[in-house]
Undergrad: 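Mind having a look at this structure? Questions to follow.
Lettering of chains follows the sequences in order, A, B, ..., and the numbering in each one begins at 1.
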Amino acid sequence: MFLESLELHNFKSFGNRKKVVFKKGFTVISGPNGSGKSNIGDSLLFVLGIRSSKAVRAERLGDLIHKTSDEKRNRDYCSVSVTIDTEDQEKLPEERKITLKRELVAEMDGYKSNYYLNGIKVRHSDVAELLDSLHIYLDSYSFVLQGDINNIVKMTGFERRKLLESIS
Amino acid sequence: MFLESLELHNFKSFGNRKKVVFKKGFTVISGPNGSGKSNIGDSLLFVLGIRSSKAVRAERLGDLIHKTSDEKRNRDYCSVSVTIDTEDQEKLPEERKITLKRELVAEMDGYKSNYYLNGIKVRHSDVAELLDSLHIYLDSYSFVLQGDINNIVKMTGFERRKLLESIS
Amino acid sequence: KRKIFLEIYSAINENMKIIYRELSGGGEASLEMSEESDPLNSEIYIRARPKGKSYSKLEALSGGEKSLTALAFIMAVQRINPSPIYYLDEVDMFLDGSNAERVGKQFKINSGTSQVFAVSLRKAMLKYADHVIGVTSFDGENTEVFEKSVSESGNMEVEN
Amino acid sequence: KRKIFLEIYSAINENMKIIYRELSGGGEASLEMSEESDPLNSEIYIRARPKGKSYSKLEALSGGEKSLTALAFIMAVQRINPSPIYYLDEVDMFLDGSNAERVGKQFKINSGTSQVFAVSLRKAMLKYADHVIGVTSFDGENTEVFEKSVSESGNMEVEN
Ligand SMILES: Nc1ncnc2c1ncn2[C@@H]1O[C@H](COP(=O)(O)OP(=O)(O)OP(=O)(O)O)[C@@H](O)[C@H]1O
Ligand SMILES: Nc1ncnc2c1ncn2[C@@H]1O[C@H](COP(=O)(O)OP(=O)(O)OP(=O)(O)O)[C@@H](O)[C@H]1O
Ligand SMILES: [Mg+2]
Ligand SMILES: [Mg+2]
């Protein structure tokens, strides 16, 4: 399987709608400081259902919504969707693709996440099941965020053992 | 004033005697990973009298002595000397230069530091007085070690206040 | 539980040896337990021997040597649960030119079986990339994304 | 004690404004106290506004933006007790090309009144250097040091 495209709508520094097309193989994301590179990584973790806002460098989920200096234009909504090509030979070509979407909507006391699989509303546990079937694990080292290398170097021998235990 | 030269004898990755000539202005120290760049910084802090071995990335002072895989060649001694040109117009040209040396010698239960100013043995407090008169402060930010930037970024608001208090 | 732990430990150890040798151009690295007799209560250390040097604990290495060893450990763990996608954000930041190149080469190899995304400011990474996504912001508040051809990326403001 | 603290605080704040504007090419940065009424018990925050963006706390900035702001804070503190020598070890590591250049330019300016040593792997720094000291190790155990002319250093393995 591979990720075919990402659509960001009002997520962090991505105002309006932006579509990013991905390809198989080795892709390098490059650009100046503060331009939004790490925000792309955050958007991937977000749409794949990460629960903690800290893991996407936000104090509260609401901080993920795009803010500009022009207060009037700020909305209370953001969403990210990712199209996955499962490359599953047993399915028909048009059934091989899955679109997963996560949106953040304002509620009385905060923000609520809604998940959609191919347009149908689903629960977080359905998303977790899908990821399991695709062997995508958010808590293993397949996502190494900026600064993680530093944390690994500073890890004590005791913490390293705990890490190995969690993998077992 | 400026640092004119540094002589390293058996200090960290500097086996035998090595002399490094410095010049005024802006000097960049460059080279591959693990080649010994940060060890030059450690040797400066060492000769200027830093007391804590942690500040020069060593568990014990003894770890500063050059070790090679050939046990027979390892000695129990190291030293660093720095020649400072004070550019003091009130002194005769040959009196403007000061050579400060610090050596580590093995004792019964560890290592002892000896300090020499222009060849005469002095105490640590004499070195501290000299640095004061030259406005060289080891604990202010004139030495920014590798990784310090990361620590500043992670500092809490409380720690930042403590820092400002220590400067006052 | 103990049996599984020991299997994981020795698998990571084996992977680490292979990967570190590649990344460092000929050095050796391995894991070490403080109490072999009681693995579930012991501490786990990383020891590495950069090419041409003697063995030392992770703490005694230089900044770049440490980060290369940490990267080898991460990649050794990744091999335990292979994933179809990898995302690595500026993991080459402490490395000199030749270490960064070897890491780029390894990412290229891994991209044969998985989709690999690496955020990087360095030419050594771009050299091995199949695709480059340029990211910038014209007004400071909105991120713009565009596809760059790999040959074109040589003149990106990337490094220096 | 309170009076001196407030003097130091406002001196660093003033310095920080000037230095951050230089380093970021036009942004603003300042210190902020959580309790203006009780400075000796309050927390001190850094706020920065990269060029073209709105103000945010240090935590909300990107990796490179954070390190540039931290560097401006350090240089603002340095100006309080000017020293005849400065040593800075790979402080440009998180920065993109144009930020690294601006930092190099600032070091060059400071080297008019003090002797400045910067450990760096980047061409953006070498560009402003008066002298270059090359460090290497042939056998892995001994460091060799040699003087390089600045023009020659362009072809050092430095970056990528
Ligand atoms: N007492 C010692 N005897 C011999 N070698 C030592 C000693 N102490 C440290 N070293 C070696 O010095 C090397 C580290 O040097 P240093 O930290 O100066 O590298 P560096 O040039 O700053 O590299 P980087 O670019 O990765 O920061 C290590 O490989 C370490 O093993
Ligand atoms: N909710 C939001 N609305 C608008 N902008 C945001 C929001 N959250 C974060 N940002 C902005 O996004 C920018 C950071 O982007 P990011 O961390 O992706 O940069 P980067 O390209 O990774 O940079 P670096 O090379 O320094 O790591 C910051 O300047 C931050 O102010
Ligand atoms: Mg980033
Ligand atoms: Mg170093």
Undergrad: Answer with side chain, backbone, both or neither: which region of V91(C) has an atom nearer than 4.5 Å to a non-hydrogen atom of chain A?
TA: both
Undergrad: Measuring heavy-atom distances to chain A, does E141(C) have an atom under 4.5 Å in its side chain, in its backbone, in both, or in neither?
TA: both
Undergrad: Of all the residues in residues 9-17 of chain C, which have a heavy atom that comes within less than 4.5 Å of a heavy atom in chain A?
TA: Y9(C), I12(C)
Undergrad: Heavy-atom cut-off 4.5 Å, strictly under: side chain, backbone, both or neither for S34(C) against chain A?
TA: neither
Undergrad: Does any donor atom in the side chain of S38(A) or Q146(A) lie under 3.5 Å from an acceptor atom in the other side chain?
TA: yes
Undergrad: Would you mind checking which part of T113(C) comes under 4.5 Å of any heavy atom in chain A, side chain (CB onward), backbone (N, CA, C, O), both or neither?
TA: neither
Undergrad: Sort by residue number and list every member of residues 55-67 of chain C having a non-hydrogen atom under 4.5 Å from chain A.
TA: L58(C), K66(C), S67(C)
Undergrad: Can you tell me which portion of D148(A) sits under 4.5 Å from chain C's heavy atoms? Options are side chain, backbone, both or neither.
TA: neither
Undergrad: Which atoms of F94(C) are under 4.5 Å from chain A, going by heavy atoms: the side chain, the backbone, both sets, or neither?
TA: side chain
Undergrad: Does a donor on one side chain and an acceptor on the other come within less than 3.5 Å for E22(C) and Y20(C)?
TA: no
Undergrad: Measuring heavy-atom distances to chain A, does L88(C) have an atom under 4.5 Å in its side chain, in its backbone, in both, or in neither?
TA: both
Undergrad: Side chain, backbone, both or neither: which part of E32(C) has a non-hydrogen atom closer than 4.5 Å to chain A?
TA: neither
Undergrad: Can the ring centroids of H9(A) and F14(A) be said to lie less than 6.0 angstrom from one another?
TA: no
